[in-house]
Colleague: 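Below is one structure. I have some questions about it.
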Protein chains: 2
Amino acid sequence: MSVGLKDIAERLGLSEATVSLALNGNKIVKAETRIRVQKMADEMGYIPNSLARSLVRKKSGMLGLIIPDIENVYYSELVKHINRYCQKVGYRLFVSISNNNVHKEKENVLAMIENCAEGVVIAPVNVSNFNPDYLRYFKTNSIPFVFSSSRYEDVSAPYVMCDLETGMYSLTRYLLAEKGYRSFLLLTGPENVLTLRLRENGFLRALKNEKDVSNEIVRVQAVDYDTASETIHQYLQQKKKIDVIMCVNDTMAIGVINTLMRQGIKVPEDVAVTGFDDSLFAQISVVTLTTVVQDVKKIAEGSVDLLMDRISNQTSANTEILIPTHIVKRASTEGK
Amino acid sequence: MSVGLKDIAERLGLSEATVSLALNGNKIVKAETRIRVQKMADEMGYIPNSLARSLVRKKSGMLGLIIPDIENVYYSELVKHINRYCQKVGYRLFVSISNNNVHKEKENVLAMIENCAEGVVIAPVNVSNFNPDYLRYFKTNSIPFVFSSSRYEDVSAPYVMCDLETGMYSLTRYLLAEKGYRSFLLLTGPENVLTLRLRENGFLRALKNEKDVSNEIVRVQAVDYDTASETIHQYLQQKKKIDVIMCVNDTMAIGVINTLMRQGIKVPEDVAVTGFDDSLFAQISVVTLTTVVQDVKKIAEGSVDLLMDRISNQTSANTEILIPTHIVKRASTEGK
DNA sequence: GTGAAAGCGCTAACAC
DNA sequence: GTGTTAGCGCTTTCAC
């Protein structure tokens, strides 16, 4: 049913080799023959078998991407950009989902090797990973990999991520110095997650040595909409006076805003709210979000560039790229 | 660097064949040998090359999924479920993105064949596709495919999608009969998109023969947040009296609600709003959305089941599965 | 129970 | 210019 090189060769009275060369546009084949072959291939609906090709070439033309969660807008945006950029540099992308689960991530790593990815971008799970030793399989199979969006601190490998610490620092300083807020609440998640810790560090550094400023850190289990909503709902019982609630992502910020508004508390007049990421959510909030922009496209392209570098040059320098962030001011803090 | 069957065989003084059989758990190999081989493979960090395996077995163990847009929450949810379900049935999933572009979809189809997908799920582009003849490549290469979430009307192939027409019908009837709304505005997109047309049909059918009921259809180019916001913003100039604004997806509904609220118009007190899909967005709206539930998980699993069926049984009946929808009532219509 | 041999579909030397 | 050959890493008869 499906047509192969052999079929074309037979029909044309040529050898498989010539057909192969012709189809690959090799100039060594007579132009006329090339055309003839090309035409016949089209006619017969020839589609090359990339399994066979990859096997013999020892190049699959495929890059891998491992992400924790595809429903998270941050990662779906990452996928979009990485996918697009891969195509641009002539590769195909195989995406696999770790479901924020270390064991699954290991499986995905093995799958990448089985599938002969020429390199892989890993967006690490957002839970603590005490033993990411399965990454050594990449080394033993000479497959380069880079971290993207986050990294494992005890694994020495190149990475591309945003400068989250500075991002949160700048945002906090802005709220402090320009908006004059004095009492801060940081709504964040588990302590052991790098990307959250960096935000926290930025937050604390910005407030350090400030007098007449109060800050509080509220830690929740899941950094999502529902959890944020409930947490703030409960927090409101305390009737504490807060100037601004800073969230570690936009989704939580929306949860906070909606909860506040339903209680008749005005944002930003009564209390300001900030997000992080500048995802889709930042703009579809009733009160648009002041947030920190993570330039996902830059992260995506930076990751692929870095990976391509390692694939072709076999450079082994542990390049570490920190993409600058910037803050975007919207309605949720522009009250005072 | 990377270890193959041969390496293991040499170390053990066995043949490649035996090692292969042992690793595949073939009972014909002496249990003791099997263990020995297994152990050595682990020790040496053997990872099978699925390219080679697939080539000889003529089974890649891979299914394909083509979607228009990964940033759209509907599709990312679809990816999640299909991915999960594929794993359950022992397949890997290769996702590719058509970017809502017919030409790209064709490329993706070819890529699926090149990559030897054993079957593929297609979520069609949401623009008119006058000539999806490239789908015949699947037939000529004996690769089964099924449509998911939508379909091309002039292509005869199995499909799994929600009963959008009935969904919209029920919602409209509910608003009419139970809520007593009399003037309806439907905010939808281009005329030639099946999934939108079905909604429209349901809407019109529900209102047909109703006296004292007015309906208006406003058509926009892009069914997204910004377009919906702007359109409603302009529409408000007309100062027409409208009871309910029905949107063809949740994202647009949020755009509408936010725009209304910013104009001081209360939802649902002054005007009610409905969405469609019951995506994440339906619940993160300030005013939670009354909407129609598309059971994405069922669509996902149905699509894979149908595909598996065609892969194994080579059945050729054109099964057409319409998943029932139901409406969920939330704050955005519960005013009157 | 194990090994030898053929071959999956394609490519890349090397002959002719 | 074109054909012959070998072989990518693995599986799977079929002898032994």
Side-chain angles (χ1 to χ4, degrees), chain A residues 1-38 40-41 44-62 110 113-118 140-143, chain B residues 1-38 40-41 44-62 110 113-118 140-143:
Chain A
M1 201 81 165
S2 128
V3 9
L5 280 185
K6 192 161 62 177
D7 305 296
I8 303 180
E10 275 173 8
R11 284 263 233 136
L12 253 30
L14 288 170
S15 75
E16 264 186 85
T18 308
V19 174
S20 169
L21 292 173
L23 255 20
N24 288 319
N26 198 317
K27 292 286 182 195
I28 212 168
V29 180
K30 206 188 351 177
E32 187 214 314
T33 317
R34 243 178 18 232
I35 312 269
R36 239 165 28 105
V37 171
Q38 194 57 263
M40 180 57 80
M44 299 177 69
Y46 170 73
I47 298 176
N49 180 326
S50 71
L51 259 40
R53 171 178 289 171
S54 303
L55 187 59
V56 50
R57 282 203 186 151
K58 288 176 155 293
K59 296 185 91 263
S60 65
M62 215 186 61
L110 294 180
I113 301 176
E114 286 186 20
N115 287 314
C116 303
E118 289 181 43
T140 59
N141 288 75
S142 322
I143 298 177
Chain B
M1 202 81 166
S2 127
V3 8
L5 243 34
K6 192 161 61 176
D7 305 296
I8 303 180
E10 276 173 5
R11 284 263 234 137
L12 252 33
L14 288 170
S15 75
E16 268 184 75
T18 308
V19 174
S20 170
L21 292 173
L23 254 22
N24 288 318
N26 198 316
K27 291 286 182 195
I28 209 166
V29 180
K30 208 192 343 181
E32 186 214 314
T33 316
R34 258 199 338 256
I35 313 267
R36 237 165 30 105
V37 170
Q38 194 56 264
M40 180 57 80
M44 298 177 71
Y46 171 74
I47 298 177
N49 180 327
S50 71
L51 259 41
R53 169 179 291 172
S54 303
L55 187 60
V56 50
R57 282 202 185 153
K58 287 176 155 294
K59 297 187 91 260
S60 64
M62 216 185 60
L110 295 179
I113 301 176
E114 288 185 21
N115 287 314
C116 304
E118 288 181 43
T140 60
N141 288 76
S142 323
I143 299 177

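For clarity, every value in this text was computed on a predicted model and none was experimentally measured. The analysis underlying the following values was restricted to heavy atoms, covering all of them including side chains, and did not include hydrogens, waters or symmetry mates. Residue numbers start from 1 in every chain, and the chains themselves are labelled A, B, ... in the order their sequence lines are given, proteins ahead of strands.
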Colleague: Heavy-atom count check: over 12 atoms from other residues, nucleotides or ligands less than 6.0 Å from A:Arg36 CZ?
Modeller: yes
Colleague: How would you label the contact of B:Leu21 with the nucleic acid (heavy atoms, under 4.0 Å): base, sugar-phosphate, or nothing?
Modeller: base
Colleague: Under 4.0 Å: is that the gap between some side-chain N or O of A:Ser15 and OP1 or OP2 of D:dT4?
Modeller: no
Colleague: Report the distance from atom CG of A:Leu55 to atom C1' of D:dC10, rounded to the nearest whole Å.
Modeller: 8 Å
Colleague: Between C1' on C:dT2 and CZ on B:Arg34, what's the gap in Å once rounded to a whole number?
Modeller: 14 Å
Colleague: Nearest whole Å is fine: how far is C:dC8 P from A:Asp7 CG?
Modeller: 12 Å
Colleague: Under 4.5 Å between any side-chain heavy atoms of A:Leu5 and A:Leu23, yes or no?
Modeller: yes
Colleague: Could you please name the option among C:dG9, C:dA12, D:dT11 that lies closest to any side-chain atom of A:Ala17?
Modeller: C:dA12
Colleague: Please determine, for the side chain of B:Lys58, which listed nucleotide (C:dT2, D:dT2, C:dC8) has the closest atom?
Modeller: C:dC8
Colleague: Please tell me which of the listed nucleotides, C:dG9, C:dG3, D:dT2, lies nearest to the side chain of B:Thr18?
Modeller: C:dG3
Colleague: Find the distance A:Glu16:CD to D:dG3:P and express it as a whole number of Å.
Modeller: 11 Å
Colleague: Nearest to the side chain of A:Val56, heavy atoms from C-beta on, is which of C:dA4, D:dC8, C:dC8?
Modeller: D:dC8
Colleague: Taking for each residue the nucleotide of DNA chain C bearing the nearest heavy atom, is the 5' side occupied by B:Lys30 or by A:Leu51?
Modeller: B:Lys30
Colleague: Provide, to the nearest angstrom, the distance between the CG atom belonging to B:Asn49 and the C1' atom belonging to C:dC8.
Modeller: 13 Å
Colleague: In whole Å, what is the span from the CD atom of B:Glu114 to the C1' atom of C:dG9?
Modeller: 13 Å
Colleague: Quick one: does any side-chain atom of A:Asn26 pair with a main-chain N or O of A:Ile28 as donor and acceptor, under 3.5 Å?
Modeller: yes
Colleague: Contact class for B:Thr33 vs. all strands (heavy atom < 4.0 Å): base, sugar-phosphate, or nothing?
Modeller: sugar-phosphate
Colleague: If the cut-off is 4.0 Å, is B:Tyr46 near the phosphate of D:dG9, judged by side-chain N/O to OP1 or OP2?
Modeller: no
Colleague: Please determine whether a side-chain nitrogen or oxygen atom of A:Asn24 lies at a distance below 4.0 Å from atom OP1 or OP2 of C:dT11.
Modeller: yes
Colleague: When you measure from the side chain of A:Arg53, which nucleotide among D:dT11, C:dT2, C:dC10 comes out closest?
Modeller: C:dC10
Colleague: May I ask you to say what A:Ser50 touches in the nucleic acid, namely base, sugar-phosphate or nothing, with a heavy-atom cut-off under 4.0 Å?
Modeller: nothing
Colleague: Could you check whether any side-chain heavy atom of B:Leu14 comes within less than 4.5 Å of a side-chain heavy atom of B:Met40, counting everything from C-beta outward?
Modeller: no
Colleague: Rounded to the Å, how far apart are A:Ile28 CD1 and C:dA15 P?
Modeller: 14 Å
Colleague: Checking the side chain of A:Glu114 only, and the main-chain atoms of B:Pro48 only, is there a donor and an acceptor separated by less than 3.5 Å?
Modeller: no
Colleague: Rounding to an integer number of Å, can you tell me how far A:Ile8 CD1 sits from C:dG9 C1'?
Modeller: 12 Å
